[in-house]
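In what follows, chains are A, B, ... by sequence order, proteins preceding strands, each numbered from 1.
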Amino acid sequence: MAMLEIKDLQVTVDGREILKGLDLAVNKGEVHAIMGPNGSGKSTLAHVLAGKDQYAVTGGTVTFEGADLLALEPDERAAKGIFLAFQYPLEIPGVTTMNFLREAINAQRKKRDEAELSPPEFIKRVREVAAKLGVDQEMLRRPVNVGFSGGEKKRNEILQMALLEPKLAVLDETDSGLDIDALKVVADGVNRLRSPERAMVVITHYQRLLDHIVPDIVHVLSRGRIVRTGGKELALELEAKGYAAYQDEAA
Amino acid sequence: MTAELHLLKTDAEAALAATFASAKARLPGGRGVAASREAAFRRFEASGLPSRRVEEWKYTDLRALMRDAKPLADPPDATRGKPSLIDALPGVDAHRVAIVNGTYLPAWSDLAGADLGVTLTDLFAWVGDNLSAWQDLVADESDLATSLNQAFMTGGVVVRIRKGARVAKPIHLAYAFCGEPAAMYPRTIVLVEPDAQATLIETFEGPAGSDYQVNAALTLSIGDGARVERIKIGREGASALHIETITGAIGARADYNELTFTTGSAVTRNQLFLRCTGDGAKVRVAGANLLKDRQHVDSTLVIDHASRGCESREIFKSVLDDESRGVFQGKIVVRPHAQKTDGRMMTQALLLSDRAEADNKPELEIFADDVQCGHGATSGRLDENLLFYLRARGIPAKRAEALLIQAFVGEAIDGVAHEGVREMLTGRVTAWLEARG
């Protein structure tokens, strides 16, 4: 059985149907890209996997490692190993990045009946990972994302991901708002986390991110359904031809 | 008209008049004090308890909220040992000044090893020797709550910090109430001479089940170049009525920083009237209120920029649960000659319940033309998107809420320079959140 199995998923937002029977299976070790035009349901899929309230699941199932994912609270999903890298990471005034990371790591460890990290262990781990990602120590002392540039915010997401070591990472438009240098830094961070034990779902509108994070499988999402699945060459084809053909097909 | 007003006296007003008539002969202080008591009570009687029709009391209708006036509190029996409820300020090493039931108690105070440069004098002894200074200090006190305090002052202390003194340990004015429900009217005068430095902590507390009343007044005089930090911790018992009025004058280049932290009482009115009397003074006034049940806490302040080039920052944060109500009335006044004034005022309320209420009334009165002033007010719930962000990282809902509430209040508390006090208050926010469940 696949690590993540989505069957016939139907989701409405404010009474509007966004996902209309989506099927997807992701095995551990695989990197899937989900591409599609604006409004096709990409971000909805990401948020439903992470458990956001405003999205109402009206049909279908999502199982993660054999268990019903939809029955879990967002924090329980995180503790099970699901990580959503946000398209627009939020600013949290008054909570330092360091404190935020410690709260997150220890909450997850507690839920998994693991011992909390001692302050020195924690600080050592954060410093190591931050250094690898080129995250400035000063940034760790500042409130989460407050006054960060777009690139710094995305790097902070990858730092969180590296520390939380999820089994399944969902990257929602991680390339949006990044210049090419920032994009490379972020992609390098993601690539370093690729492992046979970890799966990734990379959601993007543009092919350029996939030059740097090379997927195993590419899906085209249009009007709430996966309409085509192929290898990494599918991304190049989309780049050349655009989404027009798929929008017609789905209609 | 006058006759009509008398007919409309509330029970509390009638009781205040009766108490004043019977007690004035035995209230402490010499002839000068007796005269100012009489004048103050007449001022009060002319208008009575302020109702919501009085603009300054619009959101805190004292006439309705104060159903009765308690008898004056008796001084505690100093031979029976200190009441256990004097706030011990965990983690903070301070000189304690005990003011119990409105009476200054030197025997329970602890200035042992006190830094040289601090003197404590009983209020009435000081006024006896400094009558004209006293008259100057209270000359502008037209506020009704202060008039009542001046009429009934049961006791108090004058803290004098001598010129250039650096008082290392905070001076802790520990106000406590014990015994049968009664009213206390402590009056404190703090005179900080030029270039002195000190930290003042005021704590107010009393038993939970007692509907006692506190009407305290603090007169602050901060000399040129002095640096003063004041932290007030309001932990009155859950049924208490608490009013404190601070009247302060801030000298040239002085630095004054205060935080009022309120979790206690049924009804609190914190009034602050500060005037920058010398050029280049720097003032920071902050408030943090954590309220539940039907608590009502009113922060009313006037920052009067009466000199050139003064800077003031006001930041107030209220966390309102259940049916609690937070009131903020803040006014920045800039006098015609107070050019280069820089004043910013921000008040924010976080509503944790649909039934909680926040009333924010910021005002600017600017008569100079070369100034920078601004104010802002917000009230709202916890941000759902932020909560989701925290939860998506594995932090459970209750903990995520607590982190955001702590961060919200933290913006006010973080301005406290004294590290021990800051940590203690942060701990009290955590305890409040844990008690909330």
Side-chain angles (χ1 to χ4, degrees), chain A residues 46-55 72-97 99-112 114 116 143-146 153 156-157 159-161 163-166 168-170 172, chain B residues 259 261 286-288 290 313 315-319 344 346-350 352 376 378-416 422-423 425-430 432-434:
Chain A
H47 283 97
V48 166
L49 291 176
K52 193 158 193 213
D53 284 343
Q54 289 89 326
Y55 297 79
L72 302 176
E73 294 293 322
D75 48 294
E76 294 171 320
R77 297 182 196 199
K80 291 247 186 247
I82 291 185
F83 180 91
L84 169 65
F86 282 60
Q87 181 179 4
Y88 303 109
L90 287 96
E91 300 187 0
I92 319 179
V95 178
T96 63
T97 304
N99 191 27
F100 173 64
L101 294 171
R102 178 166 42 231
E103 289 278 347
I105 288 178
N106 283 334
Q108 292 200 16
R109 293 181 74 96
K110 203 171 154 192
K111 188 138 287 163
R112 294 194 296 255
E114 298 164 11
E116 292 188 3
V144 180
N145 294 328
V146 177
K153 285 181 182 173
N156 196 5
E157 292 292 287
L159 170 69
Q160 293 167 35
M161 176 172 148
L163 283 164
L164 294 168
E165 301 180 300
L168 171 68
V170 180
D172 186 11
Chain B
L259 169 73
F261 181 86
L290 299 168
R313 293 286 179 273
I315 176 165
F316 280 75
K317 299 271 185 170
S318 291
V319 178
R344 301 276 150 84
M346 174 56 97
T347 170
Q348 296 184 304
L350 184 55
L352 301 181
T378 66
S379 52
R381 312 169 140 278
L382 283 169
D383 185 324
E384 287 293 332
N385 291 320
L386 272 184
L387 280 172
F388 175 65
Y389 190 42
L390 292 164
R391 296 182 71 197
R393 294 297 174 260
I395 301 169
K398 272 283 165 197
R399 182 67 194 148
E401 277 185 32
L403 275 174
L404 293 182
I405 295 169
Q406 262 168 332
F408 174 81
V409 178
E411 282 184 78
I413 295 175
D414 288 349
V416 172
R422 202 171 58 234
E423 280 172 12
L425 292 178
T426 302
R428 287 189 179 173
V429 174
T430 307
W432 187 87
L433 289 167
E434 279 166 3

Legend entry - Distance-minimising heavy-atom pair for G81(A) and P166(A): O-CB, 3.3 Å
Inset, instruction - Kindly write out the residues that satisfy ring-ring contact (aromatic ring centres under 6.0 Å, His included) with F408(B), not counting sequence neighbours, or none if the list is empty. - result: none
Inset, instruction - Using a cut-off of under 4.5 Å on heavy-atom pairs, state which of V409(B), L404(B), L403(B), I395(B) scores highest against chain A. - result: I395(B)
Inset, instruction - Pick whichever of P143(A), A107(A), P89(A) has the most heavy-atom pairs under 4.5 Å with chain B. - result: A107(A)
Inset, instruction - Supply the atom-to-atom distance L49(A) CG to I82(A) CD1, rounded to the nearest 0.5 angstrom. - result: 6.5 Å
Inset, instruction - Kindly indicate, with the supporting measurements, whether the criterion side chain to side chain contact (heavy atoms under 4.5 Å, CB included) is fulfilled by L425(B) and L259(B). - result: CA-CA 11 Å; L425(B) 292 178; L259(B) 169 73; 3.5 Å; yes
Legend entry - Between CG on residue L290(B) and CD1 on residue I405(B), distance to nearest 0.5 Å: 8.5 Å
Quick one: donor-acceptor pairs between chain B and chain A, under 3.5 Å, side chains and backbone, table format.
from    : atom 1 : to      : atom 2 : distance (Å)
N385(B) : OD1    : K52(A)  : NZ     : 2.6
Y389(B) : OH     : N145(A) : ND2    : 3.4
Y389(B) : OH     : E157(A) : OE2    : 2.3
Y389(B) : OH     : Q160(A) : NE2    : 3.4
R391(B) : O      : D75(A)  : N      : 3.3
R391(B) : NH2    : E73(A)  : OE1    : 2.5
R391(B) : NH2    : D75(A)  : OD1    : 3.4
R393(B) : O      : Q108(A) : NE2    : 3.0
R393(B) : NE     : Q160(A) : OE1    : 2.4
R393(B) : NH1    : L84(A)  : O      : 2.9
R393(B) : NH2    : L84(A)  : O      : 2.8
R393(B) : NH2    : E157(A) : OE1    : 2.8
R399(B) : NE     : E103(A) : OE1    : 2.9
R399(B) : NE     : E103(A) : OE2    : 3.4
R399(B) : NH2    : E103(A) : OE2    : 2.5

Inset, instruction - For side chain to side chain contact (heavy atoms under 4.5 Å, CB included), just list the numbers for L159(A) and L101(A), CA-CA rounded to whole Å, side-chain angles, deciding distance to a tenth of an Å, and then say yes or no. - result: CA-CA 9 Å; L159(A) 170 69; L101(A) 294 171; 4.1 Å; yes
Legend entry - Proximity breakdown for L164(A) and chain B, heavy-atom pairs closer than 4.5 Å: side chain
Inset, instruction - Go through the steps for L390(B) and I92(A) under the test side chain to side chain contact (heavy atoms under 4.5 Å, CB included), then give the verdict. - result: CA-CA 9 Å; L390(B) 292 164; I92(A) 319 179; 3.8 Å; yes
